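Below you'll find the structure, written out as structure tokens, and then a few comments.
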Number of protein chains: 2
Amino acid sequence: MNAVATKPPPENDLNERLAHSGLRLTPQRQQVHEVLREKMDHPTADQVFLRAKNKMPEISMATVYNCLDALVKCGMVRQVTLDRGATRFCPNMQDHSHFYCDECGSVYDILQTISPADAGIRLPRGFRLKNIETNLHGLCPDCAAKAK
Amino acid sequence: MNAVATKPPPENDLNERLAHSGLRLTPQRQQVHEVLREKMDHPTADQVFLRAKNKMPEISMATVYNCLDALVKCGMVRQVTLDRGATRFCPNMQDHSHFYCDECGSVYDILQTISPADAGIRLPRGFRLKNIETNLHGLCPDCAAKAK
DNA sequence: TCAAGATTTAGAATTATTCTAAATAGACGG
DNA sequence: CCGTCTATTTAGAATAATTCTAAATCTTGA
């Protein structure tokens, strides 16, 4: 078995998923999803826009962002690196990971009890690994308390 | 040279580190580093700029970016989420992580043999974890071959 | 059919980052 | 010390990425 991932099953439940999140299936959302599945090269929003335009010349950039957000929200698409906004910086060079509060946006240093390097990640032949970045997402103690 | 043995400045190895990467220690770089160490709340470049201006009103945004890049390059600062550019999207909802080639910028899906959730990460009380994102960085097979 | 609400659109606005060219500051050899 | 060389800083413009706005359109359900 090869460790490089294979194409996911065809779009069976897109409609269902959208509906489950209170969203509608529209031609644009379908198209954007199709573009992503066609060539799984992790395109940027801009690339998705250009590709979608081939089949659907009227589509606009704003709609592509809308559709991507909708697809992410309903769990059909992953945003590769969840930070849409300014990069943050950290002077702590110890081995640690970061916890992002989805609610308030704050970031916490989290000490690692076991380095993810020991977590059993196995790379296919030829890849040369330099470092691993682990990002945790959820609610910080304050927001978790409020959410109750 | 002072005959009285003075305590090494807290900065002790900033200079050394910069030098090791062929970079100079400048007041601005020192100031930016100081700002980061003063309040470890993972500020954005913009926030660093505003804070640095208090002590050093002449400093410019471009310099802050310069300094941050220098500090990251010499290993004194981490960039929290290494993606400075457009967000990428991925329709593969299987449990997997992403490998970023530092050389050519391409992104590969990597199946996980063990989920990082099992990797022994232990959160302090109160945090509620929703999901984990693991990003691998290094060279892809093509670039690794060329690098030889 | 109509009203309500969701979605799309074009384009403007905002935000984040990079680039450019000129000015300045150190470091180094004479 | 002095001038030269190169790295760095600066202001501001340019570019890139994303979000917002308001009007038009489409869907759904009464």
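Order of the sequence lines fixes the chain letters, A, B, ..., with proteins taken first and strands second; residue numbering starts at 1 for each chain. Here the structure is a predicted model, which means the values were calculated and not measured. Just so you know, these numbers use all the heavy atoms, side chains as well, and skip hydrogens, waters and symmetry mates.
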Nearest whole angstrom, please: distance from the [atom2] of [N] to the [atom1] of [X].
X: Arg29(B); N: dG26(C); atom1: CZ; atom2: P; value: 12 Å
X: Asn66(B); N: dT24(C); atom1: CG; atom2: C1'; value: 14 Å
X: Phe49(B); N: dT9(D); atom1: CZ; atom2: C1'; value: 13 Å
X: Leu23(B); N: dT6(D); atom1: CG; atom2: P; value: 17 Å
X: Leu18(A); N: dT28(D); atom1: CG; atom2: P; value: 13 Å
X: Leu25(B); N: dT9(D); atom1: CG; atom2: P; value: 10 Å
X: Gln30(B); N: dT8(D); atom1: CD; atom2: P; value: 14 Å

Pairs flagged by salt bridge (charged side-chain N to carboxylate O under 4.0 Å, His left out) wherever residues 59-72 of chain A is involved - sequence neighbours left out: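 Residue pairs passing salt bridge (charged side-chain N to carboxylate O under 4.0 Å, His left out), neighbours aside: Asp69(A)-Arg84(A).
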Residues forming a side-chain contact (heavy atoms from CB on, under 4.5 Å) with Thr26(B), sequence neighbours excluded: Arg24(B), Gln28(B), Arg29(B)
Contact residues, residues 50-60 of chain B to DNA chain D [heavy atom, < 4.0 Å]: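 The answer is Glu58(B), Ile59(B), Ser60(B).
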Short side-chain N/O contact from Thr26(B) to OP1 or OP2 of dG26(C), under 4.0 Å: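 Answer is no, no contact under 4.0 Å.
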Any Gln28(B) side-chain nitrogen or oxygen under 4.0 Å from OP1 or OP2 of dA25(C): no
Short side-chain donor-acceptor distance under 3.5 Å, His98(A) and Asn135(A): no
Exercise: do His20(A) and Asp13(A) side chains pair donor with acceptor under 3.5 Å: no
Side-chain (His96(B)) to main-chain (Gln94(B)) donor-acceptor, under 3.5 angstrom: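 Between the backbone of Gln94(B) and the side chain of His96(B) there is a qualifying donor-acceptor contact (under 3.5 Å).
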Ring geometry between Tyr100(B) and His137(B) (parallel below 30°, tilted from 30 to 60°, perpendicular above 60°): parallel
Partner set under salt bridge (charged side-chain N to carboxylate O under 4.0 Å, His left out) for Arg78(B), not counting sequence neighbours: none
Nucleotide-resolved protein contact map, nucleotides 17-27 of chain D, B/S/- at heavy-atom distance under 4.0 Å: SBBB------S
Cationic N near anionic O, under 4.0 Å, Arg51(A) to Asp41(A): yes
Considering only distance and modelled atom types, tabulate donor-acceptor pairs under 3.5 Å from the side chains of residues 53-68 of chain A, sequence neighbours left out.
unit_1   : atom_1 : unit_2   : atom_2 : d
Ser60(A) : OG     : Thr63(A) : N      : 3.3
Ser60(A) : OG     : Thr63(A) : OG1    : 3.1

